[in-house]
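Reviewing the structure listed below.
Throughout, a chain's letter reflects where its sequence line sits, starting with A, and its residues are numbered from 1. Remember, it's a predicted structure, so these values are computed and weren't measured experimentally.
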Amino acid sequence: MPELPEVETIKRSLLPLLVGKKIINVDIKVPNLLKYPLADKEHFEEVLKGSTFLDIQRRGKYLLFHLNKGWILVIHLRMTGRLLYTPKDQTIEKHTHVIFSLDDGNDLRFHDIRKFGLIYLVPQDGLHLLKGLSGLGPEPLSDDFSLDSFKLALKNKKQKIKPLLLNQNFIAGIGNIYADEILFQAKVHPEEIISNLGEDKIEKIYDAIRDRLTKGIEFRGTSIKDYVDGLGQSGMFQNELKIYGKKGELCLNCGHVFERINVGGRSSTICPWCQKKN
DNA sequence: ACCTTTGTTAAGGC
DNA sequence: TGCCTTAACAAAGG
Ligand SMILES: [Zn+2]
């Protein structure tokens with residue numbers, strides 16, 4: 001489940017390997033992954049073949065591959081997507097759906113067990129065509145995301161806190177793993193109604209967002225089931241998790257047993273003692 | 001054969 | 001109408 005820290009780690013691992021490399025061939029085995037604006041296999045092949053990578057950016061959970069000739073390849077990995085820089089002679093693993101052959105003897109392979117990933121190809125000035133991308137909220141680790149702006153954005157809201165943290169239009173890049181870790185660190189119940197949160201709790205949530213995401217990047221992401229970086233290497237943040245997926249284990253703060261509840265249709269693990277509702 | 005997983009969005013409700 | 005919740009969908013592994 002690549003969230004902000006995982007996607008950022010993939011970006012950092014691929015950047016030095018891809019910039020300046022030219023795509024000499026594209027093999028699209030599963031055209032369904034190609035999406036709007038023009039979900040057409042031949043179109044993708046025609047544009048991508050002969051294009052060179054200029055830069056890679058991350059926005060939320062999206063990866064933006066800037067190509068010469070004025071196009072941007074946009075990829076979202078959703079649940080199980082992987083982008084793997086692989087020697088071209090290496091055996092092609094099951095669930096490899098797109099292969100970009102590079103002029104350095106390697107491939108960039110898109111691998112996705114669930115096939116939920118999304119691949120877009122837009123003109124340089126056409127990013128606004130991608131609704132999910134252009135509607136994203138602030139980057140939580142950028143200066144745009146200040147404590148004051150966070151407080152302002154939460155003002156008068158009457159919904160539960162966790163679904164809002166997962167709302168990409170409100171704040172970009174947080175998924176279920178980091179949301180649980182953030183709320184546990186801030187000692188806030190995921191179903192807490194935002195208007196019931198005091199200033200101190202809002203500050204704690206703000207600090208926890210910055211802290212957990214930063215640490216997630218430092219530890220090169222969370223590898224629980226599927227996630228690996230662009231070189232196939234696992235991260236280490238799974239060893240730092242304090243609550244996600246730990247139903248039945250003991251809280252290290254208070255000794256109570258972690259419970260699993262459903263919030264907004266998503267499973268959530270909580271400490272019933274540390275994360276009480278107001 | 002059913003249940004779980006999650007990100008995103010369309011549809012529904014108040 | 002605006003704010004918020006719910007459910008559906010994608011696909012395959014356990
Ligand atoms: Zn506790």
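For the pair N167(A) CG and dT6(C) P, the computed distance is 15 Å after rounding to whole Å. As rounded to whole Å, 16 Å separates atom P of dA12(C) from atom CZ of R82(A). Atom CZ of F170(A) and atom P of dG2(C) are 19 Å apart (whole Å). Distance, F116(A) CZ to dG13(C) C1': 11 Å, rounded to whole Å. dT5(B) atom P lies 9 Å from atom CG of N176(A), rounded to whole Å. One interatomic measurement links the two molecules: CZ of R78(A) to C1' of dT5(B), which rounds to 13 Å at whole-angstrom precision. If you measure from atom CD1 of I113(A) to atom C1' of dT5(B), you get 12 Å, rounded to the nearest angstrom. Atom-to-atom, CD of Q168(A) to C1' of dT9(B) comes out at 12 Å; the value is rounded to the nearest Å.
Using a 4.0 Å heavy-atom cutoff across all strands shown, Y227(A) reaches no nucleic acid atom at all.
Counting only heavy atoms from C-beta on, K160(A) has its side chain closest to dT5(C) among dG13(C), dT5(C), dT5(B). Considering only the side chain of M79(A), dT6(B) comes nearest among dT8(B), dT6(B), dA11(C). Residue K157(A) has its side chain nearest to dC4(C) when only dC4(C), dA12(C), dG7(B) are considered.
Checking the phosphate oxygens (OP1, OP2) of dT6(B), a side-chain nitrogen or oxygen of Y244(A) falls inside 4.0 Å. Residue K131(A) places at least one side-chain N or O under 4.0 Å from the OP1 or OP2 atom of dA10(B). Phosphate proximity of dT5(B) to R260(A): present, with a side-chain N or O under 4.0 Å from OP1 or OP2. Taking 4.0 angstrom as the limit, Q159(A) places none of its side-chain polar atoms (N or O) nearer than this to OP1 or OP2 of dC3(C). The phosphate of dC4(C) has neither OP1 nor OP2 within less than 4.0 Å of any side-chain N or O from K158(A). Remark: H95(A) is not in phosphate contact with dA11(C), judged by side-chain N or O atoms under 4.0 Å from OP1 or OP2. Taking 4.0 angstrom as the limit, S267(A) places a side-chain polar atom (N or O) nearer than this to OP1 or OP2 of dT6(B). At dT8(B), one or more side-chain N or O atoms of H76(A) fall inside 4.0 Å of OP1 or OP2 (strictly under the cut-off).
R266(A) contributes a side-chain N or O that forms a donor-acceptor pair with the base of dG7(B) under 3.5 Å.
The six-membered or imidazole ring of F100(A) lies away from that of Y85(A), with a centre-to-centre distance of 6.0 Å or more. In this structure, the ring of H43(A) has its center less than 6.0 angstrom from the ring center of W71(A).
Neither L84(A) nor L108(A) shares a network with the other; the hydrophobic side chains, linked directly or stepwise wherever heavy atoms of I, L, V, M, F, W or Y lie under 4.5 Å apart, form separate groups for each.
Salt bridge R58(A)/E8(A): present, at least one basic N to carboxylate O contact under 4.0 Å. Remark: K204(A) does not engage D200(A) in a salt bridge, criterion side-chain N to carboxylate O under 4.0 Å. With salt bridges taken as basic N to acidic carboxylate O contacts below 4.0 Å, none links K215(A) and E240(A).
Of the residues near DNA chain C, R114(A) and G265(A), the one whose nearest nucleotide (by heavy atom distance) lies more toward the 5' end is G265(A).
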